[in-house]
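Hydrogens, waters and symmetry mates are skipped; everything else that's a heavy atom, side chains included, is used.
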Amino acid sequence: MARITGLLLLLLVPGTAGAQSIAERTQLEAYRDSLARITDSIPLLAVERTQLGHAAHELRDSTTAHLRLGFLALRLGDLAGHKHYDDAASEFQWAVDLQPKWPYPWLGLGLAELGVGDAEFSFLRGLQTALGKDALTRSANDFAKSAEVDPSFVGGLVELSNTALRQRINLRVQVALAALRRAARTAAGHNPDILLARARVEREAGDADSALAAANALVALKPTSAVALHELARARFHAGRSDGGEPWFRGLAMADTAAVALYRDDLRFLLPDSTMHAFDAGSPQQRVRLMRAFWQVRDRDALHASGDRLREHYRRLDVARRDYRLATTHRHYDIVERYRPAQLDFDDRGIIYIRHGTPDRTATVALPGLPANESWLYTRPEGPDLLFHFVAQESVTDYRLVASALDLLGYVGTLRLENSGDLHGGNMAIVNGPVSRDSAAQLRQYVGDLARSHVAETILRSRLGMDPVYQQMLAAGSASASHLEATERAIGTRSIRIGTTTDSWLPEYTRTLPTTIGLFDVGGDSAHPVVYLAWAIPASALGPGSATEPISPRVKAALFDARGRPRYALDTTFAGTARAGTPAYLTGVVPLPATAGTMTARVAVEAGDAGTVSGRDTIQEPVLGGGLALSDLLLATRATGMPVVTPLDDTLWIDPITDFSTHSPVELYFEVANLKPGQEYHLELAFRSPEHASVFKWIAGIFGKGNTPYRVKVTRRATGTIDRVHQQLSLEKLHPGKYVLEVTVSTPSGEKRIRRQDFILH
């Protein structure tokens with residue numbers, strides 16, 4: 001009750017004429033703070049009734065009284081309902097009429113406009129927006145006026161900045177920017193709230209240097225503010241700097257509830273649900289550890305330097321905000337729009353862009369009656385490629401994901417096309433003679449279907465090159481059209497499922513470097529597992545001077561354990577070795593430390609502006625004491641392979657190009673692990689041709705002087721826990737062609753392992 005009595009006494013203090021004094025501003029801010037602490041509308045309504053009685057007789061011309069009534073009505077609007085915002089707007093307008101040079105009436109009027117909001121009906125909302133009469137524009141104009149009449153007025157400047165940043169159309173960013181720059185010449189220019197607002201608005205306006213200067217000044221004033229550190233990180237990222245991660249993580253470590261909300265808002269478009277739940281439930285230090293691990297995995301998988309993926313995420317957020325922001329928060333979905341995200345910040349292109357970046361290829365088609373549309377293709381080395389189709393049916397600024405390019409026709413048009421089974425005009429017979437009413441209706445439908453089929457053909461032609469299915473659909477007859485349409489739709493459905501739940505950012509190159517990459521889990525021991533990375537680049541791809549000038553390609557690699565955690569990273573240059581034979585290659589090999597069990601690896605090889613990235617390869621290193629294990633199969637000739645001396649002083653021959661002459665002996669090497677010394681096991685070698693189902697003749701005498709002309713089966717005794725098998729193969733009796741070498745090992749107890757290696761003979 002004491003707090004309510006105090007509010008009433010404040011309301012009854014008459015305002016002075018002329019400029020608003022510092023004391024009056026201080027008293028008004030104290031009044032607003034008191035209102036903010038009250039959460040029950042009933043006593044506030046009593047105060048309002050009392051004050052309205054006084055205002056009608058004694059305080060009619062008191063600007064301060066109308067301001068206090070206005071802020072009281074604003075608080076009632078927050079607690080008790082929408083109509084109080086209209087009351088607040090009336091009070092603030094009265095205050096504006098009395099004192100148009102005071103900033104507080106304009107501030108209050110802007111806040112009341114935000115509370116009043118826009119019209120309930122979508123048509124009227126659209127009309128308001130088109131005319132610049134929407135709530136955000138009205139309030140931004142009022143906040144701008146408060147800053148105009150008093151350039152040092154902090155409250156108006158901050159509200160103007162926040163409103164400008166919230167606007168989706170009729171943007172007032174330049175108005176806010178001009179006001180903030182004017183304020184920089186006043187005492188308010190060093191206020192932390194103004195510096196934060198200016199850093200954000202300068203960044204939104206695209207002035208990276210000014211945004212960074214404001215953020216640096218803010219952190220100098222508030223070095224332990226998580227909000228300030230978050231803004232400094234964003235300003236550095238916006239400027240393209242690589243050191244934004246340091247303040248980003250430092251701010252996260254000390255973030256309070258308000259700062260955590262800022263971080264969460266940035267991450268919600270990317271983090272999986274499980275990671276977001278852990279982020280929400282964790283302590284500050286747990287959040288830091290969680291996010292360091294999250295970004296490290298992505299840095300390693302993308303073969304970028306530490307911190308690059310976090311910077312790229314903020315670059316994508318900036319692009320999405322600039323190019324793919326939704327103009328409205330009211331979305332209604334068509335039956336073909338199966339992806340229905342909860343967020344209302346960006347259209348569906350923005351979500352895909354934040355997750356996967358710039359597409360490798362885009363396509364669109366413009367025809368009368370067709371909605372705006374785009375298709376995006378992302379090629380992936382591990383496959384499958386991702387193909388997204390976006391259609392702006394409801395609004396030209398709201399692109400939605402659909403499963404098929406033919407969904408451009410809308411649900412009814414697509415359904416009719418599917419039922420007709422023919423993309424080239426249907427198969428209805430038209431007869432001569434009088435046309436009945438039913439026949440006329442059929443004819444009109446036929447003509448409509450015919451038009452749709454020609455539009456469909458144009459759509460398919462616009463997507464040629466994005467996937468082979470579009471060429472197949474154009475060439476198909478009615479018998480296979482439905483099957484191909486289902487295939488094309490399945491590609492889109494799969495892409496939506498993968499694309500909206502994963503993210504990616506692989507290195508991009510001006511041109512592709514046609515590199516052969518091999519990973520071989522051989523050559524180590526149980527204490528020190530090794531994976532050999534080998535690569536070969538055609539000399540012709542390196543330019544005319546590659547035969548005489550030394551070239552050192554850059555090789556990047558990342559190894560991950562079975563849980564996806566980074567275990568080893570490589571980023572260095574290697575002097576290649578010229579591979580004998582024609583065509584000429586530049587080759588190299590390097591050992592990578594491995595861990596027992598299942599691992600995955602990604603590799604990139606670069607030379608100048610050219611490069612190539614591998615998919616995620618799986619490596620299976622034997623687990624000490626586990627079951628029978630068989631390594632990769634090494635096939636190479638001594639003329640073209642690279643000799644490698646293992647830690648056990650064993651020499652291996654490694655060649656990522658398994659292309660041999662029938663006249664050159666081939667070195668075969670592999671390892672059988674987890675045996676007991678002296679243990680017997682069975683070994684079988686087979687050569688098969690993928691082009692034929694039959695088994696080709698085996699080469700006699702591969703192991704010793706066997707007399708079996710069709711198959712090689714031997715029994716061996718292990719020399720240790722790892723039995724290393726070296727053998728030279730003569731392939732003279734095999735005809736040129738493609739082959740698969742299949743090695744099978746088995747034990748008397750029934751354990752069995754098989755490995756295969758493709759190769760070509762010429």
Side-chain angles (χ1 to χ4, degrees), residues 237 242 244-245 248-249 266-267 269-276 278-279 288-317 351-360 376-386 494-495 497-509 512-513 515 517-519 521 531 533 535 553-572 590 592-595 597-606 611-621:
F237 290 139
S242 59
W248 195 87
F249 282 107
D266 297 341
L267 297 169
F269 305 104
L270 187 64
L271 262 58
D273 289 343
S274 58
T275 307
M276 184 59 83
F279 181 90
V288 170
R289 288 194 297 270
L290 179 72
M291 287 296 95
R292 285 194 184 279
F294 179 84
W295 294 117
Q296 185 190 41
V297 168
R298 279 149 181 79
D299 282 329
R300 292 290 180 266
D301 184 60
L303 300 172
H304 292 291
S306 294
D308 279 2
R309 183 64 181 88
L310 177 59
R311 179 181 61 182
E312 171 68 4
H313 176 63
Y314 279 95
R315 186 197 69 79
R316 293 180 183 182
L317 282 177
I351 296 302
I352 296 301
Y353 190 90
I354 290 170
R355 287 184 172 276
H356 301 284
T358 305
D360 296 310
W376 292 6
L377 174 67
Y378 293 88
T379 57
R380 305 197 304 165
E382 62 266 35
D385 293 346
L386 300 180
R494 180 193 63 211
S495 297
R497 175 177 52 80
I498 296 174
T500 57
T501 56
T502 64
D503 61 279
S504 61
W505 184 43
L506 293 180
E508 299 175 359
Y509 305 103
T512 301
L513 192 65
T515 307
I517 297 171
L519 288 162
D521 60 328
V531 172
L533 164 60
W535 47 267
R554 183 178 183 181
V555 179
K556 300 177 181 179
L559 269 64
F560 304 84
D561 65 15
R563 296 175 60 184
R565 297 172 300 186
R567 286 307 184 195
Y568 181 76
L570 172 76
D571 185 352
T572 189
V590 60
L592 307 177
T595 57
T598 301
M599 300 187 70
T600 59
R602 192 186 293 281
V603 179
V605 180
E606 306 170 359
T612 190
V613 184
S614 76
R616 279 267 198 137
D617 290 324
T618 301
I619 303 164
Q620 194 67 49
E621 283 288 339

Main chain of [Y], side chain of [X]: is a donor-acceptor contact present, judged purely on distance under 3.5 Å?
| X | Y | result |
| --- | --- | --- |
| Asp617 | Ala601 | no |
| Thr515 | Leu513 | yes |
| Ser614 | Val603 | yes |

Does the side chain of [X] reach to within under 4.5 Å of the side chain of [Y], using non-hydrogen atoms?
| X | Y | result |
| --- | --- | --- |
| Thr572 | Val555 | no |
| Tyr568 | Thr595 | no |
| Asp301 | Arg602 | yes |
| Phe237 | Leu317 | no |
| Arg494 | Pro384 | yes |
| Thr501 | Pro272 | no |
| His356 | Trp376 | no |
| Met599 | Asp521 | no |

Compare every heavy atom of [Y] with every heavy atom of [X], then report the nearest pair and how far apart it is.
| X | Y | result |
| --- | --- | --- |
| Thr598 | Thr618 | CG2-CG2, 3.9 Å |
| Arg309 | Ser504 | NH2-O, 4.3 Å |
| Pro507 | Val613 | CD-CG2, 3.9 Å |
| Gly499 | Ile352 | O-CD1, 4.0 Å |
| Gly564 | Val297 | O-CG2, 3.8 Å |

Problem - side-chain contact (heavy atoms from CB on, under 4.5 Å) evaluation trace for Leu310 with Phe249 - result: CA-CA 11 Å; Leu310 177 59; Phe249 282 107; 4.2 Å; yes
Practice task
Specify whether His313 and Trp295 have parallel, tilted or perpendicular ring planes, treating 30° as the upper limit for parallel and 60° as the lower limit for perpendicular.
Solution key: tilted
Once you round to the nearest 0.5 Å, how far does [atom1] of [X] lie from [atom2] of [Y]?
| X | Y | atom1 | atom2 | answer |
| --- | --- | --- | --- | --- |
| Leu267 | Thr275 | CG | OG1 | 10.0 Å |
| Glu621 | Asp561 | CD | CG | 13.0 Å |
| Thr502 | Arg497 | OG1 | CZ | 9.5 Å |
| Leu559 | Thr600 | CG | OG1 | 7.5 Å |
| Asp385 | Ile498 | CG | CD1 | 10.5 Å |
| Tyr509 | Glu606 | OH | CD | 3.5 Å |

Would you verify whether the NZ or CZ of [X] falls within 45 degrees of the ring axis of [Y] while also being under 6.0 Å from that six-membered ring's centre?
| X | Y | value |
| --- | --- | --- |
| Arg355 | Tyr378 | no |
| Arg300 | Phe560 | no |
| Arg298 | Phe294 | yes |

Exercise for the section: Return the set of residues passing side-chain contact (heavy atoms from CB on, under 4.5 Å) with Ala302 (not counting sequence neighbours), or none when no residue passes. Expected result: His304, Trp505
Practice task
Verify salt bridge (Lys or Arg N to Asp or Glu O under 4.0 Å) between Glu312 and Arg315, making sure each step is shown before the conclusion.
Solution key: CA-CA 5 Å; Glu312 171 68 4; Arg315 186 197 69 79; 2.9 Å; yes
